[in-house]
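First up is the structure itself, then whatever we jot down about it.
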2 protein chains.
Amino acid sequence: MRPTVHDIAAKAGVSLATVDRVLNGRPGVRAVTRARVEEAIERLGYVRDVAAANLAKGRVYPLVFIIPEGENPFMRGLEAEVRLAATRSSFERTRIAVVHVPPFDAPALAKAIDAAIAEGVAGIAAVAVDAPEVAAAIGRARAAGIAFVTLVSDLAASARDHFCGVDNLAAGRTAGSLMARFLGARPGAVAVLAGSMLVRDHRERLEGFRALMAEAGGGRQVLDVLEGQDEPERARALVGACLVAHPELAGIYSLGAGNAGLVAALEAAGRGDVCVIAHEITEPTRLGLERGVIDAVLNQDAGHEVRSAIRVLRAKADGLPVIAAQERIRIDIFIKENLPQPLDETGTARAAEA
Amino acid sequence: MRPTVHDIAAKAGVSLATVDRVLNGRPGVRAVTRARVEEAIERLGYVRDVAAANLAKGRVYPLVFIIPEGENPFMRGLEAEVRLAATRSSFERTRIAVVHVPPFDAPALAKAIDAAIAEGVAGIAAVAVDAPEVAAAIGRARAAGIAFVTLVSDLAASARDHFCGVDNLAAGRTAGSLMARFLGARPGAVAVLAGSMLVRDHRERLEGFRALMAEAGGGRQVLDVLEGQDEPERARALVGACLVAHPELAGIYSLGAGNAGLVAALEAAGRGDVCVIAHEITEPTRLGLERGVIDAVLNQDAGHEVRSAIRVLRAKADGLPVIAAQERIRIDIFIKENLPQPLDETGTARAAEA
DNA sequence: CTGTTAGCGCTTTCAT
DNA sequence: ATGAAAGCGCTAACAG
């Protein structure tokens, strides 16, 4: 049997209350007594039973997820994953709230963070906007003892406990490598469709992509970035115009959202031959893959990110360690053949039981 | 506050013990009383606090992982993941044991399963050998109320609760698709290196690969399978001979283990131009990717599989539902650019914090 | 058939 | 500065 607080109390010749004080670093214990208890803890190899502790505390962890509003399908999918986790979270003494903020709006995000601090939550997860005022708000949260993780998009220098997302530089390089291999010796330039160069992820992906294309040699031309603001209509117009202006175009790297427009433009122009690489498995990209318009999709698993964020927030709130390997978000590569089947209404994976 | 057993007891006008009997489907309650309690449960929207229940039960879940012995690096990595999880599992009221059996040995596996049943474990995870006697042993385990999951390799018709592994047919198709795209118009045949055609995963992967190569058109020739028994030395010899016999060889699909030999043979022959696709991120395949000898590696995340197996076994043992999306094991595609950094000694992911 | 009572391992008043 | 005792939500004897 694992040693308990009683064992420590007996071994150290003190009461349960004193053991608890030492265990939780609370004041009111003489240094000598503390030392005695700590030695007992050490010698017995005691590890706290977190479940029992939480039961005694009657503690629930109120967490807040701050997510951009709008039509970006990836963000909506992310939110769905949060709500799914929230349903199940009651089992785990966690209460999860979702807060919306306008996308790319640093002041609004900072305000939302401060509101969460005022509410006295145990942890905050937010899709970060890379701005000093946001970093300052995160600093205030941490100062208040609130765990903070950034989700999907990180920000430069800040006190966040953890970043739940992928290495976007590597993602861009991966896209570049696939593009180079898929095109092989085929001539023609490559276009890049982004949301906005004001966003950190997009900048990093572009950087990685350009770097790899340069290293790959062959002198393939990468055209100037098309900024579609992550809006399907703008993306469609931009890509349509690009296809006209560059009839020899060989590939398109779409590193943001708005992919419904991209697919529409390609199909309208009858350019199924263009090699297309996009990001995130969503309705449009899934369809694009299945119809052969998109050749590969790089993905970050939103469900994994959300569950990871919850685990990390709870661990940090408890002062517990984190399993790094489980929390690292991979850059998934999907082609038509390894695309996972969508779940049916009951949440049952058809593929898993096939 | 969430309703508790006390609330139910009060509402139904019965004692705690009766509520508990109803909750756990134990006998000794009149139908009317039962109905009254059930109504109270329903109306209050009661959900059991599993942590508290386990605390009260003092229950630990003894689980057994049955893993093939031998030098297969993937299996050794799998075992390492089990041991890692075991270390951390004390936090979660789970005790994990590892049992070794000779690879591909159905009678030995069946015997190990029966031994675990006799020990009265709560759940068993095993890398299955596809044989009737194994299916029978699994049936006995389930009959004894023991949760059972197959790990990595499933078997035909059996009563296992769940399969923790990938769709190997899809994996083979994925390999085929990548091979076809990477080779493009380049002429030359493709070789396949397998462990043994007696193993189910390998058969399925081959089937998927061949199917896709046929569909891809271009009439690319797929040579007869080389069976290396997952042993590096045999693989090296077979591949070496194949390279001599087919100087125009364009690609190799390695669907089993023994990849150290494959890489060695290719490097010895100076055939870095051959397009190579292999399975599982292990020491040899990681090196192969980094050195450019291997072009892509399909992977199943052993850590994910193990953690998933534990979650599923515990959930099944508790009669709890399972989050399908979290338990589905993806077919990961890795190329040099999206290969995750290995962990350092402290278990910290270098990439995640970079 | 049903109720009482004493814990599981930990935290938390309230005394001393 | 330290201890005693009463729970947290649930289960498990043991009585009725």
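In the text below, chain A, chain B and the rest are named by the order of the sequence lines, each starting its count at 1.
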Could you write out each protein N or O paired with an N or O of nucleotides 6-9 of chain C at a distance under 3.5 Å?
from	atom 1	to	atom 2	distance (Å)
dC8(C)	O2	Leu55(B)	O	3.2
dC8(C)	O2	Ala56(B)	N	2.9
dG9(C)	N2	Ala52(A)	O	3.3

Under the rule for salt bridge (charged side-chain N to carboxylate O under 4.0 Å, His left out), what residues qualify as partners of Arg21(B), not counting sequence neighbours?
none
Which residue pairs satisfy the side chain to side chain donor-acceptor pair (under 3.5 Å) criterion with at least one member in residues 28-42 of chain B, sequence neighbours excluded?
Glu39(B)-Arg43(B)
Would you indicate whether the side-chain heavy atoms of Glu79(B) and His100(B) approach each other to under 4.5 Å?
yes
Between dA12(D) atom C1' and Asn24(B) atom CG, what is the distance in whole Å?
11 Å
Can you check whether Ile310(A) reaches Ile96(A) side chain to side chain, under 4.5 Å on heavy atoms?
yes
Should the pair Arg160(A)-Asp154(A) be classified as a salt bridge under the 4.0 Å nitrogen-to-oxygen rule?
yes
Any side-chain heavy atom of Ile41(B) within less than 4.5 Å of one from Leu23(B)?
yes
Name the nucleic acid region contacted by Val14(A), choosing base, sugar-phosphate or nothing; use a 4.0 angstrom heavy-atom cut-off, strictly under.
sugar-phosphate
Among side-chain atoms of Asn54(B) and Arg314(B), is any donor-acceptor pair under 3.5 angstrom?
no
Which atom pair, heavy atoms only, marks the closest approach of Ile124(B) to Ala116(B)?
CD1-CB, 3.7 Å
Show the distances under 3.5 angstrom between N or O atoms of the protein and N or O atoms of nucleotides 13-16 of chain C.
none

Side-chain contact test, heavy atoms from C-beta onward, threshold under 4.5 Å: evaluate it for Val14(A) versus Val37(A) and give yes or no.
yes
Report yes or no: does Asp301(B) contribute a side-chain atom to a donor-acceptor pair with the main-chain N or O of Gly303(B) at less than 3.5 Å?
yes
Does Lys111(A) NZ have over 12 foreign heavy atoms under 6.0 Å away?
no
Just the rounded figure in Å: distance from P of dT2(C) to CZ of Arg26(B).
15 Å
Among residues 30-43 of chain A, which contact DNA chain D at a heavy-atom distance under 4.0 Å?
Arg30(A), Thr33(A)
Distance, rounded to the nearest Å, where Asp20(B) contributes CG and dA13(D) contributes P:
12 Å
Contact under 4.0 Å: Ser15(A) side-chain N or O vs dT2(D) OP1/OP2:
no
With five pairs defining each end axis, the helix from dC1(C)-dG16(D) to dT16(C)-dA1(D) comes out bent, to 10°, by 40°
Shortest non-hydrogen contact from Glu305(B) to Leu78(B)?
OE1-CD1, 4.2 Å
Mind calculating the distance between CD1 (Ile8(B)) and P (dG9(D)) to the nearest angstrom?
12 Å
When you measure from the side chain of Asp20(B) to the backbone of Leu16(B), do you find a donor-acceptor pair of N or O atoms at a distance under 3.5 Å?
no
